[in-house]
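Below is one structure, written out as structure tokens; the observations come after it.
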Number of protein chains: 2
Amino acid sequence: MLTLVALADGRAMRFNELRRRLEGVTQKMLTQTLRALEREGLLTRTVYPTVPPRVEYRLTALGEEIAELVLRIAEWSASRTEQLRAARANFDRRAPHPRPLSA
Amino acid sequence: MLTLVALADGRAMRFNELRRRLEGVTQKMLTQTLRALEREGLLTRTVYPTVPPRVEYRLTALGEEIAELVLRIAEWSASRTEQLRAARANFDRRAPHPRPLSA
DNA sequence: CAGAATCCTCACCGATACTG
DNA sequence: CAGTATCGGTGAGGATTCTG
């Protein structure tokens, strides 16, 4: 999801560059996610046989299509953070059916 | 995700009705998902104190906003199933770096 | 730099039984 | 009907180490 957003501007990005942009993601998960997206045909992985190695990831046409849709959701949720936060606070305050963990 | 899509037409739906529409979902997961969505303020849960009980779920205005965005992604992926399938097949055939589990 | 390999934990989820 | 409660396994993912 956010990996797609990080690439949504159409630029090619290197592995650690992505990793920095998606702060908090582990190397394992990023690798795994990129492989999955590559497998779906949403991005291409290009290895330049230099030393040190350089690997670039770039969205395919297919990838850009869905990245745009995902981006819209990201923007929507960013624009609604306050309402969402308020809803959560309200829900937790009124603490419905399953009794909360209030001792 | 799909729970939002199932409610995207704006109708109120009952628990087992949703469960049937989302075939494969367990009762536990559906309950859990509905609670989460309710907590985010994306849907309302209305209990009619009849016997047997009747509980209706309906998207809020906020929920309809995001449901529409999610619906677009669902439609997109439905429209691209063949390309996605082909990409997967191709990827698996060429089986990149991490050696596949081919014995 | 861009990973692969290994180990290990715990929380996710299914299955099952019970209830107002 | 619409849940809650409990148990148990399993696999996702973190941490760490190693490499071309």
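Remember, it's a predicted structure, so these values are computed and weren't measured experimentally. Sequence lines set the chain letters: A, B, ... in the order given, protein chains first and strands last, and positions in each chain run from 1.
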Straight-line distance of B:M1 CE to B:I73 CD1, nearest 0.5 Å: 6.0 Å
Check this for me, if you would: do A:R72 and A:E75 make a salt bridge, where the nitrogen-to-carboxylate-oxygen distance has to be below 4.0 angstrom? no
Which whole-number value in Å describes the distance from A:L34 CG to C:dA2 P? 11 Å
Comparing nearest nucleotides in DNA chain C, the 5'-proximal residue of the pair A:T31, A:P52 is A:P52
In this structure, how many angstroms lie between the P atom of C:dC12 and the CD atom of B:Q32, rounded? 8 Å
Think A:R20 has a side-chain N or O under 4.0 angstrom from the OP1 or OP2 of C:dC1? no
Rounded to the nearest 0.5 angstrom, the CE-CG distance for A:M13 and A:L34 is 10.5 Å
To the nearest angstrom, the CG-P distance between A:L30 and D:dG13 comes to 13 Å
Side chain of A:E17, base of C:dA2: donor and acceptor closer than 3.5 Å? no
In this structure, how many angstroms lie between the P atom of C:dG3 and the CE atom of A:M29, rounded? 15 Å
Would one find a side-chain N or O of B:R54 under 4.0 angstrom from OP1 or OP2 of C:dG20? no
Side-chain contact test, heavy atoms from C-beta onward, threshold under 4.5 Å: evaluate it for A:L59 versus A:L4 and give yes or no. yes
Tell me which nucleotide among D:dA15, C:dC1, C:dG14 gets nearest to the side chain of A:R14. C:dC1
Under 4.0 Å between a side-chain N or O of B:T26 and OP1 or OP2 of C:dG14? yes
Quickly work out the A:R45 CZ to C:dA2 P distance and round it to whole Å. 10 Å
Are the side chains of B:L18 and B:V25 in touch, meaning some heavy atoms are under 4.5 Å apart? no
Distance check needed: C:dT19 C1' versus B:K28 NZ, whole Å only. 18 Å
Using OP1 and OP2 only, check whether a side-chain N or O of B:Y57 sits under 4.0 Å from D:dC1. no
Counting the atoms with a prime plus P, OP1 and OP2 as sugar-phosphate, which does A:Y48 contact under 4.0 Å by heavy atoms, base, sugar-phosphate, or nothing? nothing
Expressed in angstrom and rounded to an integer, what is the separation of A:L22 atom CG from D:dG14 atom P? 13 Å
Can you tell me the distance, in whole Å, between the CD atom of A:Q27 and the C1' atom of C:dC1? 11 Å
